[in-house]
Every structure is written in C-alpha cells, then in structure tokens.
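Everything below concerns the one structure shown next.
Below, all heavy atoms of this structure are taken into account, side chains as well, without hydrogens, waters or symmetry copies.
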Amino acid sequence: MRLRTNTLVVLALPLLLAVGLGHAQTPPPSEYQLKAAFLYNFAKFIEWPQNAFAENKSPFIIGILGDNPFGTHLESTVAGKKINEHPITIQTFREVAAVTNCHILFVSSSEKERLPEIIEKLRGTTVLTVGQTERFIETGGMVNFVQEGTKLRFQINDDAAKVAKLKISSKLLGLAVGASR
C-alpha cells in the first residue's frame, strides 16, 4: 500500500508543481490537466523497444486521435521536457492511417464508434493506446481513464501492451484498477 501512495505522488508531483497548488487561491487542476500529467508520466514508466525510434534523438510523440479535449494543457505539461533524451512533441490526427511513429496515442471519445477499427489498424505497432471510454480495455486498448467517485484512475491491459512489445513498470501496474493489469 505504501508503494502505491508513493508512486501516485511521483506521478502527480509534476502536475502539482506546474499548476502551483501551494497557493490557496489557485483552483484545483481540471480533468484534462490531470490527464495530461498522467500521459506524460505514463511515458516515464513504460519502456518502448529500440526500433520505436528512428534515431537516438528522434522525438517522443504523443498523439491525439479525434477531437482534442486537452486544449493547451497537454502542450504546456510537456513543454521543454524529454523522455530518455527524446524531446516530446504533440500531434493531432483525424484518421488512424495518419498515425505513424507515434509512441502514445490518446484516442478521443469522439472516436468511440470506430474504436475496434482503430485498435485493429494499430495492431503490430509499438503505440501505447490510451482512452477514456467504456470497454476501451476490452476492445484491445492499453490504458483507460476511469472516474471512481471524485478520483481519476486508470485501467491497464498489460497483455495488449506486451503484444505491442511495451514493458510497463510494475509500479505503474500496481496503481491500475480493474480490467487486466
């Protein structure tokens, strides 16, 4: 239980510092500020195969497929940051066919009707799929945001991640709820 608490603090600390929660007049972070921080921190706890990057300094790409619910929160969360010496860039996509060289792909709720097709087209890639819709994990998605009361949590489909040759840290797996972790 101690490990879960410490890891959750490690995952949330950059967000807390970025939004300045130390000030009483600062409003709490929004849902998408929290999700942006989680996306950034997921990358720290997942190992991609070497061939996921064209070169040693190739960018680490976080993609958004469909409508962008983050506004500018995702860009501001990752501005100037790197993942294992890879500068982070954000890209938006309208079609799954355009998703190339992406490392994390947030599948917007606007794409829920096409979810089986999206998951199928990404099969065999090293893309970590993240969503926020019912049955995302069961459809083959890898990480799904869920609301438990007032808390934002996530589910992990480790089997799907392993098929994509992604290694998820046991610390991150330990924080996941429900589904197949």
What verdict does the side-chain contact (heavy atoms from CB on, under 4.5 Å) test give for Phe53 and Asn101, after you've listed the backbone C-alpha separation in whole Å, the side-chain angles of each residue and the deciding distance to 0.1 Å? CA-CA 7 Å; Phe53 299 93; Asn101 300 323; over 6 Å; no
Would you name the heavy atoms of [X] and [Y] that are closest together and state the gap between them?
| X | Y | value |
| --- | --- | --- |
| Cys102 | Gly63 | SG-N, 3.5 Å |
| Thr77 | Ala36 | OG1-CB, 3.6 Å |
| Ala98 | Phe93 | O-CE2, 3.3 Å |
| Gly140 | Ala160 | O-CB, 3.6 Å |
| Ser110 | Gly66 | OG-CA, 3.7 Å |

Would you say the rings of [Y] and [X] are close, in the sense that their centroids are separated by under 6.0 Å?
| X | Y | value |
| --- | --- | --- |
| Phe70 | Tyr32 | yes |
| Phe60 | His103 | yes |
| Phe42 | Phe154 | yes |

Ion pair check, [X] and [Y], cut-off under 4.0 Å:
| X | Y | answer |
| --- | --- | --- |
| Glu148 | Lys151 | no |
| Lys167 | Asp158 | no |
| Lys121 | Glu95 | no |

CD of Glu75: more than 12 outside heavy atoms within 6.0 angstrom?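 Counting other residues, nucleotides and ligands, CD of Glu75 exceeds 12 neighbours.
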So, [X] side chain and [Y] main chain: donor-acceptor pair closer than 3.5 Å or not?
| X | Y | value |
| --- | --- | --- |
| Gln33 | Ser30 | yes |
| Thr139 | Gly141 | no |
| Asn157 | Ile137 | yes |
| Asn144 | Phe136 | no |
| Thr133 | Lys112 | no |
| Trp48 | Thr126 | yes |

Same apolar cluster (I L V M F W Y, side chains within < 4.5 Å links), Val96/Val130: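 Result: no, two separate clusters.
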Establish whether Ile119 and Val163 are linked, either directly or via other cluster members, by ILVMFWY side-chain heavy-atom contacts under 4.5 Å.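 Result: no, two separate clusters.
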Side chains of His86 and Lys57 in contact at under 4.5 Å (non-hydrogen atoms):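 Contact flag for His86/Lys57 side chains = no.
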Can you check whether Asp159 reaches Met142 side chain to side chain, under 4.5 Å on heavy atoms?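 In short, these two side chains do not touch, never coming nearer than 4.5 Å.
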Should Phe145 and Leu152 be marked as a side-chain contact (heavy atoms from CB on, under 4.5 Å) after you check the CA-CA gap, both sets of side-chain angles, and the distance that decides it? CA-CA 7 Å; Phe145 288 114; Leu152 178 63; 4.1 Å; yes
Under the criterion side chain to side chain contact (heavy atoms under 4.5 Å, CB included), which of Ile61, Leu166, Leu128 is the partner of Ile104?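 Single side chain to side chain contact (heavy atoms under 4.5 Å, CB included) partner of Ile104 among Ile61, Leu166, Leu128: Leu128.
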Show the numbers, then the answer: is there a side-chain contact (heavy atoms from CB on, under 4.5 Å) between Ile168 and Ile156? CA-CA 9 Å; Ile168 299 177; Ile156 294 178; 3.6 Å; yes
Before you tell me yes or no, could you show the steps for Val143 and Thr129 under side-chain contact (heavy atoms from CB on, under 4.5 Å), namely the whole-Å CA-CA distance, both residues' side-chain angles and the distance that decides it to 0.1 Å? CA-CA 6 Å; Val143 178; Thr129 53; over 6 Å; no
